[in-house]
Amino acid sequence: MRSSTGNRSTADGSTADGEGAERAGPGRDLPALLAGAAAGTAACGALLALTDSGSPLRGPCALFFLLAAPALAIAMALRGLDPFGRLIAALAGAVALDMLVAQAMLTVHRWSVTGGIVAVTVLSLLILLATWVRQGAGSREGTPEGSKTGQSFVTAKPTDS
């Protein structure tokens, strides 16, 4: 069996050169399909809740949005964990954030569905923005100052001879 690069692939899906090959078969696009369906469902839930629709799908889809938006933001911030731990921590953080928003809105007597959706959206976007800024700063941290301007640095190492 030949892969698209011309290397022979083995039974476990890796090539003879030791390089990993893409998964073949009908399930290879399933994660992307599920992510798209989840994003569409969450967006539909937020839209139905913000427009005060009378649809029977408003409640389940809005609840899915209230769990998915902060969970995604928290999961992006926790990239160092293994996938299962990241999932559990992100869902727990999403529930905690939702309860925090609900408690704050009830405390100041300003509870509304629209306000809750907007507050959770804003907090989720702030978490994503903080994660994006932190990851951007981390990628620039390891580069020398001159490499940004095209200058090169020569460092002399002491010799023992």
Suppose the criterion is side-chain hydrogen bond (donor to acceptor under 3.5 Å, both in side chains): which pairs have a residue in residues 46-70, not counting sequence neighbours?
D52-R58
C61 meets the side-chain contact (heavy atoms from CB on, under 4.5 Å) criterion, sequence neighbours left out, with T41, L57
May I have the list of side-chain donor-acceptor pairs in residues 67-96 shorter than 3.5 Å, sequence neighbours left out?
| from | atom 1 | to | atom 2 | distance (Å) |
| --- | --- | --- | --- | --- |
| D82 | OD1 | G85 | N | 3.2 |
| R86 | NE | A75 | O | 3.2 |

Extract all donor-acceptor atom pairs below 3.5 Å that involve side chains of residues 119-127 and protein atoms in other chains or at least two apart in sequence.
| from | atom 1 | to | atom 2 | distance (Å) |
| --- | --- | --- | --- | --- |
| T121 | OG1 | I117 | O | 2.7 |
| S124 | OG | V120 | O | 2.8 |

Counterpart residues, side-chain contact (heavy atoms from CB on, under 4.5 Å), relative to W111 (two or more places apart):
A102, M105, L106
Path from F65 to V101 over hydrophobic side-chain contacts below 4.5 Å
yes
Whichever hydrophobic residues join L33 through chains of side-chain contacts under 4.5 Å:
L30, L34
Transitive ILVMFWY side-chain link L97 to V118, under 4.5 Å
yes
